[in-house]
Amino acid sequence: MGKDTIANIITSIRNADLNKKRTVRIASTNITENIVKILLREGFIENVRKHQESNKCFLVLTLRHRRTRKGIYRTILKRISRPGLRIYSNYQQIPKILGGMGIVILSTSRGIMTDREARLEKIGGEILCYIW
């Protein structure tokens with residue numbers, strides 16, 4: 001694995017969602033904690049616990065699986081900006097995912113926030129990922 005912690009947590013959540021697992025354990029850093037807070041607030045995950053073993057902190061996420069008539073609704077996460085190619089946007093050009101149904105997570109000068117919050121505060125930043 002590389003040093004891209006955001007890609008690691010996105011991949012862990014996506015793999016657990018595809019395998020219908022209820023919990024995921026990811027490494028705890030400031031960036032991952034902020035992203036998990038946004039996922040919790042937006043309703044993509046149910047619960048977060050902090051777990052420590054042998055001087056390493058982990059976040060244990062409880063995923064939310066939604067049922068529809070045709071089966072289980074999947075949460076789709078897509079990494080946009082990566083270490084080799086950073087994608088920046090000002091607040092007017094932040095994309096709307098599914099006409100506003102999905103969210104864009106941005107890293108701004110005021111911290112990690114969603115696209116709606118960035119538009120309200122009129123600040124742009126690095127587009128980290130799309131979630132719908």
Side-chain angles (χ1 to χ4, degrees):
M1 288 222 183
K3 299 273 185 190
D4 192 7
T5 58
I6 299 170
N8 289 345
I9 66 165
I10 288 173
T11 303
S12 298
I13 293 171
R14 186 184 314 124
N15 288 343
D17 190 40
L18 288 173
N19 290 326
K20 299 176 186 169
K21 302 253 183 183
R22 290 288 294 168
T23 61
V24 180
R25 191 175 94 164
I26 59 173
S28 176
T29 63
N30 288 335
I31 294 173
T32 57
E33 286 180 12
N34 290 330
I35 291 174
V36 166
K37 284 178 189 175
I38 290 174
L39 292 176
L40 184 65
R41 189 175 61 226
E42 295 290 328
F44 289 102
I45 58 176
E46 286 182 12
N47 192 12
V48 180
R49 286 185 292 123
K50 204 165 197 179
H51 180 71
Q52 184 171 0
E53 61 181 52
S54 68
N55 296 332
K56 291 186 180 180
C57 288
F58 296 100
L59 295 174
V60 179
L61 312 177
T62 305
L63 301 179
R64 174 171 288 166
H65 295 291
R66 291 177 233 143
R67 290 211 171 258
T68 61
R69 291 182 189 172
K70 296 180 181 179
I72 295 177
Y73 174 74
R74 300 271 179 230
T75 301
I76 299 174
L77 296 106
K78 186 175 180 185
R79 176 83 160 120
I80 302 302
S81 184
R82 54 184 209 264
L85 179 64
R86 303 284 187 189
I87 307 293
Y88 296 96
S89 176
N90 61 11
Y91 77 95
Q92 292 132 340
Q93 295 175 340
I94 297 172
K96 288 189 178 183
I97 305 302
L98 294 177
M101 297 287 288
I103 63 169
V104 177
I105 297 180
L106 297 149
S107 175
T108 66
S109 59
R110 295 185 191 159
I112 295 178
M113 60 179 64
T114 64
D115 55 339
R116 286 180 229 119
E117 295 168 348
R119 282 190 198 99
L120 285 175
E121 294 188 22
K122 295 187 177 183
I123 55 174
E126 180 183 354
I127 300 174
L128 297 178
C129 59
Y130 297 157
I131 301 170
W132 69 90

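Not measured: the values here are computed from a predicted model.
Residues E42 and R64 are not paired through a salt bridge, judged by the lack of any N-O separation under 4.0 Å between the basic side chain and the carboxylate.
Considering only residues two or more places apart in sequence or on other chains, R22 meets the side chain to side chain donor-acceptor pair (under 3.5 Å) condition with E46. Remark: K50 pairs with E33 by the salt bridge (charged side-chain N to carboxylate O under 4.0 Å, His left out) rule, at least two apart or across chains. In this view, R79 and D4 satisfy the side chain to side chain donor-acceptor pair (under 3.5 Å) rule, not counting sequence neighbours. Every residue two or more places apart in sequence or in another chain that forms a side chain to side chain donor-acceptor pair (under 3.5 Å) with T29 is listed here: T32. For E53, the side-chain contact (heavy atoms from CB on, under 4.5 Å) partners at least two apart in sequence or on another chain are R25, H51, F58.
For the pair V36/I26, a side-chain contact is recorded, criterion being any heavy-atom separation below 4.5 Å from C-beta on.
Of all heavy-atom pairs between V24 and A16, the closest is CG2-CB, 3.2 Å. Smallest separation of non-hydrogen atoms from M113 and T108: CE-OG1, 3.6 Å. Of all heavy-atom pairs spanning A118 and L106, the tightest one is CB-CD1, 3.5 Å. The two residues I97 and I103 make their nearest non-hydrogen contact at CG1-O, 4.2 Å.
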Quiz prompt | Residues I105, I35; criterion side-chain contact (heavy atoms from CB on, under 4.5 Å); working and verdict | solution = CA-CA 8 Å; I105 297 180; I35 291 174; 4.1 Å; yes
Scan the side chains in residues 121-132 for donor-acceptor partners under 3.5 Å anywhere in the protein, sequence neighbours excluded, and list what turns up.
unit_1	atom_1	unit_2	atom_2	d
E121	OE1	R110	NH1	2.9
E126	OE2	S81	OG	2.6
E126	OE2	R86	NH1	3.1

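Of the possible donor and acceptor atoms, one in the side chain of R74 sits under 3.5 Å from a partner among the backbone N and O of D17.
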